[in-house]
K.L.:
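Can you keep this structure in mind? I'll have questions shortly.
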There are 2 protein chains.
Amino acid sequence: MIGQQEADSIERRSGVSLWRQIADRILQAIATGDFAENAALPPEVALAERYGVNRHTVRSAISALVQEGVLRAEQGRGTFVLSRKRLSYPIGARTRFSTGLQGQTSERHIVLLSSSVEPASQRVAEGLGLTRGAEVIRLETRGEADGRPVSRAAGWFDARRFAGIDKAMAETGSITASLARFGIDDYLRQSTVLSARHADAADLADLDLQPGAIVLVTVAVNITPDGQPIQFSESRFPAERVELKLSAL
Amino acid sequence: MIGQQEADSIERRSGVSLWRQIADRILQAIATGDFAENAALPPEVALAERYGVNRHTVRSAISALVQEGVLRAEQGRGTFVLSRKRLSYPIGARTRFSTGLQGQTSERHIVLLSSSVEPASQRVAEGLGLTRGAEVIRLETRGEADGRPVSRAAGWFDARRFAGIDKAMAETGSITASLARFGIDDYLRQSTVLSARHADAADLADLDLQPGAIVLVTVAVNITPDGQPIQFSESRFPAERVELKLSAL
DNA sequence: GTATATTTGTCCGTATGTATA
DNA sequence: ATATACATACGGACAAATATA
């Protein structure tokens, strides 16, 4: 026999593009365990030879699977099979970062990335019941669990009522604890709007994602039990690592 | 002057790849209105000449923007700028398709695509409080608004309690009306788990999407007011057309 | 620490296929 | 039918990041 022929070989002019056939073969290999989770795929040139195509054709297949969140390619290192387990992040009347992930991770915390004072944009002003342009404090945070980023959030607060919350946040590492310093013992989620999109450049950097990754985006308003809006927020979650579990609001 | 030089020309060996620079230029052109919504972009060869690169480099840029949900390429026709308005689909204690979209669309309805009887899988059985393998009726539906698909759902019901719900659904075009025939006047959303992923081949066909599109996925259980589970469902929403608005559960 | 090899990323050019106008 | 425009595939060259000797 001259030349190894695989049982389920790729076919030219079959109506299905070569790169798609190769991508499906790789998916199959992952499903059957031929390529284990977190394991490195053979180099592109090796795959090209195995499937009898040009390296660029293999690259198209890999590129598609990177987009689909199955693989991760790292220049100079290799291409790896991603793991598929997700954290379940609860969203409900009392959405809190740390307590929500309890039991799912051995460690979790919030890092304050930056804070600033700025005039309220239209949507922030609406959410907080302020006039547009009123001063608000903006806190940029990242949530991490077991060393991996699981959320990236911007929170806005009325600068007059919550002057110094940036300092409180830096010291406590907790929104809940920071609000407590201002006499807020309890707060509720008033509204949440949820969407999904591809990660932009900032998301990629903040959440350590690969181009093509998906982020879940929540835009929310928190209020006191008696109905005063206290926080407007936009959060982004890497869809490959997090799912959102809606509980009673 | 030999050769037109644009003010903000693309730069080689600037650290940013040519295709990314071109993608950003296209984004900018859309933002400034140079390329209007739903308008066709110039052909690839024209863009290649405009930016002084090979056609493949333009293709890389376009490909990235298609992935990002900004453009839509149609073989033989052209490449088009997508519109960015989204429907806001409410999810809450009483999530209903038709009433939820009222006011946002002039027309909306549910199409029953298929129905079948099958043994309950593990997760369906758990959701409905049945034993695994118990007979369940599965309804496949698509929600459409103003002629465009906005959701694709599979719903499972206990086959003994809801025998004939497939027929009811075909006649009424409404889950709520169908359940009413079985004496269910009201039902509540017990749980919802939300995730996002790239559309697979079935999603692309069902929802009329382009490869690389994102779908929001909800897995939910509906119960009667006294707590009996009646429906397990998995719904997929095209993220480019729908956002989810969480209301009180 | 440095050179070398490995591996993925970018860009070009060419040819051909396929869908649409 | 013909032309247009996007899609696929190949081949080559070099750059950039990483791993290894």
Side-chain angles (χ1 to χ4, degrees), chain A residues 9-26 35 38-67 70-82 201 204-205 208-213, chain B residues 9-26 35 38-67 70-82 201 204-205 208 210-212:
Chain A
S9 196
I10 63 171
E11 290 174 19
R12 286 165 194 267
R13 61 192 73 249
S14 68
V16 180
S17 59
L18 295 184
W19 66 262
R20 188 66 255 179
Q21 293 183 56
I22 291 168
D24 291 339
R25 290 279 293 269
I26 293 173
F35 296 148
N38 299 316
L41 250 60
E44 293 169 350
V45 283
L47 291 173
E49 190 180 10
R50 172 187 304 193
Y51 296 125
V53 299
N54 188 274
R55 176 183 159 225
H56 291 303
T57 305
V58 167
R59 279 182 63 75
S60 292
I62 289 174
S63 170
L65 295 179
V66 168
Q67 295 298 333
V70 175
L71 300 178
R72 172 192 188 96
E74 295 183 35
Q75 186 172 169
R77 297 220 316 134
T79 302
F80 305 88
V81 180
L82 288 175
L204 299 182
D208 185 26
L209 294 170
Q210 294 282 298
Chain B
S9 197
I10 62 171
E11 290 174 19
R12 285 162 195 269
R13 60 193 71 251
S14 68
V16 180
S17 59
L18 294 184
W19 66 261
R20 187 67 254 179
Q21 292 184 56
I22 291 168
D24 291 339
R25 291 278 294 269
I26 293 173
F35 296 147
N38 299 318
L41 251 60
E44 293 171 350
V45 284
L47 290 173
E49 190 179 11
R50 174 188 301 194
Y51 297 125
V53 299
N54 187 274
R55 178 183 156 231
H56 290 304
T57 306
V58 168
R59 279 182 63 75
S60 293
I62 289 175
S63 170
L65 296 178
V66 168
Q67 295 298 334
V70 175
L71 300 178
R72 171 193 189 96
E74 295 182 35
Q75 185 171 162
R77 296 218 318 132
T79 302
F80 305 88
V81 180
L82 289 174
L204 299 181
D208 185 26
Q210 295 281 297

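Order of the sequence lines fixes the chain letters, A, B, ..., with proteins taken first and strands second; residue numbering starts at 1 for each chain. Fair warning: this is a prediction, and the values are worked out from it, not measured in the lab.
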K.L.:
Within the structure, does a side-chain N or O atom of B/Arg59 lie under 4.0 Å from either OP1 or OP2 of C/dG13?
P.N.:
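For C/dG13, neither OP1 nor OP2 has a side-chain N or O of B/Arg59 closer than 4.0 Å.
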K.L.:
When all nucleic acid strands are considered with a 4.0 Å heavy-atom cut-off, which category describes B/Val45: base, sugar-phosphate, or nothing?
P.N.:
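Here B/Val45 touches no strand at all.
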K.L.:
Which residue, B/Ala73 or A/Thr57, contacts DNA chain D at a nucleotide closer to its 5' end, judged by nearest heavy atom?
P.N.:
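Residue closer to the 5' terminus by nearest nucleotide: B/Ala73.
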K.L.:
What is the minimum heavy-atom distance between A/Gln67 and A/Gly212, and which atoms define it?
P.N.:
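Reported closest heavy-atom pair: OE1-CA, 3.2 Å.
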K.L.:
Would you mind building the protein contact string for nucleotides 16-21 of chain D? One character per nucleotide, 5' to 3', B for base within reach (heavy atoms under 4.0 Å), S for sugar-phosphate only, - for untouched.
P.N.:
BBBS--
K.L.:
What is the distance, to the nearest angstrom, from the CD1 atom on B/Ile22 to the P atom on C/dC12?
P.N.:
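After rounding, the reported distance stands at 8 Å.
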K.L.:
On a heavy-atom basis, which atom in A/Asn38 and which in A/Leu82 lie closest, and how many Å separate them?
P.N.:
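Looking at all heavy atoms of both residues, the shortest contact is OD1-C, 4.4 Å.
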K.L.:
Rounded to the nearest Å, what distance is computed from the CD atom of residue A/Glu11 to the P atom of nucleotide D/dT8?
P.N.:
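One finds 18 Å between P of D/dT8 and CD of A/Glu11, rounded.
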K.L.:
Could you identify the nucleotide paired to C/dT10, looking across every strand shown and requiring Watson-Crick or G-U wobble geometry with both distances under 3.5 Å?
P.N.:
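In the structure as shown, C/dT10 has D/dA13 as its Watson-Crick or wobble partner.
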K.L.:
Which nucleotide in the set D/dC10, C/dG9, C/dT10 lies at the smallest distance from any side-chain heavy atom of A/Leu18?
P.N.:
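The closest nucleotide is D/dC10.
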K.L.:
Can you name the side-chain hydrogen bond (donor to acceptor under 3.5 Å, both in side chains) partners of A/Arg20, sequence neighbours left out?
P.N.:
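Partners of A/Arg20 by the side-chain hydrogen bond (donor to acceptor under 3.5 Å, both in side chains) criterion, ordered by chain and then number, come out as A/Asp24, A/Glu68.
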K.L.:
Phosphate oxygens OP1/OP2 of D/dA5: is one of them under 4.0 Å from a side-chain N or O of B/Thr79?
P.N.:
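Checking D/dA5 against B/Thr79, no side-chain N or O comes under 4.0 Å of OP1 or OP2.
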K.L.:
Is B/Arg12 touching bases, backbone alone, or none of the nucleic acid, heavy atoms closer than 4.0 Å?
P.N.:
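Result for B/Arg12 = sugar-phosphate.
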K.L.:
Applying the Watson-Crick and G-U wobble criteria at under 3.5 Å, what pairs with C/dG1? Answer none if nothing qualifies.
P.N.:
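No nucleotide pairs with C/dG1.
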K.L.:
With sugar-phosphate meaning primed atoms plus P, OP1 and OP2, does A/Ile62 contact a base, only sugar-phosphate, or nothing at under 4.0 Å between heavy atoms?
P.N.:
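The answer is nothing, as A/Ile62 stays clear of every strand by at least 4.0 Å.
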K.L.:
Expressed in angstrom and rounded to an integer, what is the separation of A/Leu65 atom CG from C/dT8 atom C1'?
P.N.:
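After rounding, the gap between these two atoms is 16 Å.
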K.L.:
What is the distance from CZ of B/Arg72 to P of D/dA7, rounded to the nearest Å?
P.N.:
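After rounding, the reported distance stands at 12 Å.
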K.L.:
Which heavy atom of B/Glu44 sits nearest to which heavy atom of B/Arg55, and what is that distance?
P.N.:
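That closest heavy-atom pairing would be OE1-NE, 2.7 Å.
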K.L.:
Tell me the interatomic distance from A/Arg20, atom CZ, to D/dA9, atom C1', rounded to whole angstroms.
P.N.:
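Going from CZ in A/Arg20 over to C1' in D/dA9 covers 17 Å.
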K.L.:
Does the side chain to side chain contact (heavy atoms under 4.5 Å, CB included) test come out yes or no for A/Ile62 and A/Leu47, once each step is laid out?
P.N.:
CA-CA 10 Å; A/Ile62 289 174; A/Leu47 291 173; 4.3 Å; yes
K.L.:
Take the protein atom CD of A/Gln21 and the nucleotide atom P of D/dT8, then report the distance between them rounded to whole Å.
P.N.:
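After rounding, the reported distance stands at 12 Å.
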K.L.:
Would you say A/Asn54 places a side-chain N or O within less than 4.0 Å of OP1 or OP2 belonging to D/dG11?
P.N.:
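Affirmative; the distance criterion is met.
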K.L.:
Which pair of heavy atoms, one from A/Thr57 and one from A/Trp19, lies closest together, and at what distance?
P.N.:
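Of all heavy-atom pairs spanning A/Thr57 and A/Trp19, the closest is O-CB, 3.6 Å.
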K.L.:
Quick check: closest heavy atoms across B/Ala73 and B/Thr79, and the distance to 0.1 Å?
P.N.:
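Here B/Ala73 and B/Thr79 meet closest at CB-OG1, 3.9 Å.
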K.L.:
What I want to check is whether an N or O donor and acceptor connect the side chain of A/Arg55 with the base of C/dG9 at under 3.5 Å.
P.N.:
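Donor-acceptor pair under 3.5 Å: yes.
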K.L.:
Please state how far atom CD1 in B/Ile10 lies from atom C1' in C/dT10, giving the value in whole angstrom units.
P.N.:
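Nearest whole value for this atom pair: 13 Å.
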K.L.:
With sequence neighbours excluded, tell me which residues meet side chain to side chain contact (heavy atoms under 4.5 Å, CB included) with B/Glu74.
P.N.:
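In terms of side chain to side chain contact (heavy atoms under 4.5 Å, CB included), with neighbours along the sequence ignored, B/Glu74 is linked to B/Arg72, B/Arg77, B/Phe80.
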K.L.:
Would you state whether a donor and an acceptor, one from the side chain of A/His56 and one from the base of D/dG12, lie under 3.5 Å apart?
P.N.:
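Answer is yes: a donor-acceptor pair is held.
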